[in-house]
There are 2 protein chains.
Amino acid sequence: MDIPSGVTARKRISESTIHRLSRYFRTLSLLERENFETVSSKELAKREKLTPSQVRKDLSFFGSFGTRGLGYPVAELKAKVSKILGIDRVWRVALVGIGNIGSALVSYKEFIKQGFHIVKLFDNDQRKIGSNHKGIIVSDIKNLRTELQDDHIEMVIVAVPATVAQYIVDDVVKAEVKAILNFAPVNLKVPSGVHVRNENMEMELEYLSFAMVNNHSPKGVGKD
Amino acid sequence: MDIPSGVTARKRISESTIHRLSRYFRTLSLLERENFETVSSKELAKREKLTPSQVRKDLSFFGSFGTRGLGYPVAELKAKVSKILGIDRVWRVALVGIGNIGSALVSYKEFIKQGFHIVKLFDNDQRKIGSNHKGIIVSDIKNLRTELQDDHIEMVIVAVPATVAQYIVDDVVKAEVKAILNFAPVNLKVPSGVHVRNENMEMELEYLSFAMVNNHSPKGVGKD
DNA sequence: ATACTCATGTGAAATGCTTCACAATTTATA
DNA sequence: TATAAATTGTGAAGCATTTCACATGAGTAT
Ligand SMILES: NC(=O)c1ccc[n+]([C@@H]2O[C@H](COP(=O)([O-])OP(=O)(O)OC[C@H]3O[C@@H](n4cnc5c(N)ncnc54)[C@H](O)[C@@H]3O)[C@@H](O)[C@H]2O)c1
Ligand SMILES: NC(=O)c1ccc[n+]([C@@H]2O[C@H](COP(=O)([O-])OP(=O)(O)OC[C@H]3O[C@@H](n4cnc5c(N)ncnc54)[C@H](O)[C@@H]3O)[C@@H](O)[C@H]2O)c1
């Protein structure tokens, strides 16, 4: 769906591969805490309900990280995956809309663990502007554009009502922010070069509904 | 792989197709409100940033809903899609864990619009048990299994800390609930026949991170 | 050393998904 | 009624992703 950048000679990596890398990252963190020194593609696959080939192929797009006969060094692989995903650094994130879902996100500690630091909050409700959420003072939405730029925000989470999401996003784009995580159930329009991901919970419930009605099972897990 | 499900020996429908049907449903609702009588695959595709063929193919798995030369009748197609997704009815949903994210979900009106009725809440915190959220009294988690069964709950949303999610799910499975929407960042184990979908926000942020890191050419050579 | 086992990395095959291309059907117009 | 325009539904082609299969390398035991 994303247009490949045309310039780099790099092969296009599929969305599924990236999502699986996220999952590997989480599992590697777990394995590290369980004091595993190395892990095989077989073990990783078992934990993720994938085939070992899938795991090896995914990793092979980015290099050779394993040792034949042994597997992958957990800590090292985790570092590599985190580098590939670009989470070996801090991302400065702003959150717009401190309502039900917005408030939940501000207090979510996993984001910080993965380098996503919510450092600014915006709302248009006078009762919320100026109030303190987890140490951050809520800014007036009027200043969205200037404050995003002045504070070097790189990602914005949109948690406002669907009716206003596009207006907010237009401003976000003007502030030259290139990554948006959107919770509003609308198809946002952004110029090319701006990345948008939608978080859509209805979609997952609907998938469950479909699966139940159709007795639809996920793809079978094979062996290698 | 195709187990005859007793009624139809139907072709396997991909996850992407189901997700797109969810999107069509949302767009069709919008078109209905905009007083469109019919819509072509071209128009639908434009709104969803897809190809017209994709739209037609998706729908064709389930029947012929359009008229050549005219397009699809909006209201009728919406009804058909809602039937396919199984959201032409009410699903009785329980929510476990009335914390940050759980509280946000209880107040989310879109769920009800699509037939997902949250009718029970569970928590283990004595301060929360017995309290009233949007007209629902929070039940003690101890009674999870019996109350899920007595109240004929068909779907459960899990919004408890990752460390306890598996225990909750084990009980949910015992209560013969066959659909789980999980917000905890863990790979849940469930017997086959139980459907689990994971809502994973870190994953989407990580995708954005990857996209940014990889689209950004090292020396500003990229024109994209 | 040699043999044996384990497990990676990777072309090639298999499978799955998307797009193409066009016959078929309907509406509009003269 | 004939012709042109619009648009569906679908087999087949074109791509993309996943899985297979195996050569290769590393560790271990005798
Ligand atoms: N609540 C949920 O569980 C949930 C789940 C999925 C998606 N969503 C979506 O997330 C979005 C927010 O949902 P919510 O339940 O938190 O709603 P909410 O009404 O509780 O919160 C919206 C917030 O946005 C603020 N806001 C409104 N207009 C604004 C503007 N022009 N500029 C800045 N801030 C503005 C409001 O003051 C409020 O604080 C909606 O689009 C909703 O569809 C919500
Ligand atoms: N907050 C977010 O934005 C966010 C985002 C994505 C995912 N999540 C995930 O959702 C889950 C909940 O997150 P949260 O921020 O709402 O946490 P939270 O601590 O605010 O809420 C957890 C709730 O679960 C309850 N609980 C704990 N143990 C329980 C048990 N054994 N039985 C029943 N209830 C129990 C607690 O009393 C609390 O009400 C976590 O797994 C978290 O990783 C949260």
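In this text, all values refer to a predicted model and were calculated from it rather than measured experimentally. What's counted below: heavy atoms across the whole structure, side chains too, no hydrogens, waters or symmetry copies. We name chains A, B, ... by the order of the sequence lines, and we start the count at 1 in each one.
- For the OP1/OP2 pair of D:dT18 and a distance below 4.0 Å, the side-chain nitrogens and oxygens of A:Arg20 include at least one atom meeting the criterion.
- Look at CG on B:Asp58: it is 10 Å from P on C:dT19, rounded to the nearest Å.
- In this structure, CG of A:Leu50 is placed 15 Å from P of D:dT17, rounded to the nearest angstrom.
- Rounded to a whole Å, the CD atom of B:Gln54 is 13 Å from the C1' atom of D:dC15.
- In this structure, the CZ atom of A:Arg12 is 12 Å from the C1' atom of D:dT17, given to the nearest Å.
- Between the side chain of B:Asn182 and the backbone N or O of B:Ala184, at least one donor-acceptor pair lies under 3.5 Å.
- One interatomic measurement links the two molecules: CD1 of A:Ile13 to P of D:dA16, which rounds to 13 Å at whole-angstrom precision.
- Using bins of under 30°, 30° to 60° and over 60° for the plane-to-plane angle, the ring pair B:Phe210/B:Tyr207 lands in the tilted bin.
- Atom CZ in A:Phe61 sits roughly 12 Å away from atom P in D:dT19 (whole-Å rounding).
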>> Each nucleotide in nucleotides 4-13 of chain D should get exactly one letter: B, S or -. Can you fill that in based on protein heavy atoms under 4.0 Å?
In response: --BBBBBBB-
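- Rounded to an integer number of Å, the gap from CD1 of B:Ile18 to C1' of C:dG16 is 15 Å.
- Between the CD atom of A:Glu37 and the P atom of C:dC6 there is a distance of 20 Å, rounded to whole Å.
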> Where do B:Phe65 and B:Ser60 land on the side chain to side chain contact (heavy atoms under 4.5 Å, CB included) test, with the steps shown first?
Replying inline: CA-CA 8 Å; B:Phe65 309 123; B:Ser60 79; over 6 Å; no
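- Of the residues B:Ile87, B:Ile157, B:Val90, B:Leu181, the one that meets the side chain to side chain contact (heavy atoms under 4.5 Å, CB included) test with B:Phe116 is B:Ile87.
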Would you list the protein and nucleotides 28-30 of chain D atom pairs, both N or O, that sit under 3.5 Å from each other?
none

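- Judged purely by atom type and a 3.5 angstrom limit, B:Asn187 uses its side chain to pair as donor or acceptor with the backbone of A:Arg47.
- Taken from CG in A:Leu44 to CZ in A:Arg56, the straight-line distance is 11.5 Å, to the nearest 0.5 Å.
- In this structure a side-chain-to-backbone donor-acceptor pair under 3.5 Å is missing from A:Thr17 to A:Ile13.
- With A:Glu37 contributing its side chain and A:Pro73 its backbone, the two residues share no donor-acceptor pair below 3.5 Å.
- Although no hydrogens or angles enter the test, the distance criterion places no donor-acceptor pair under 3.5 Å between the side chain of B:Ser209 and the main chain of B:Leu205.
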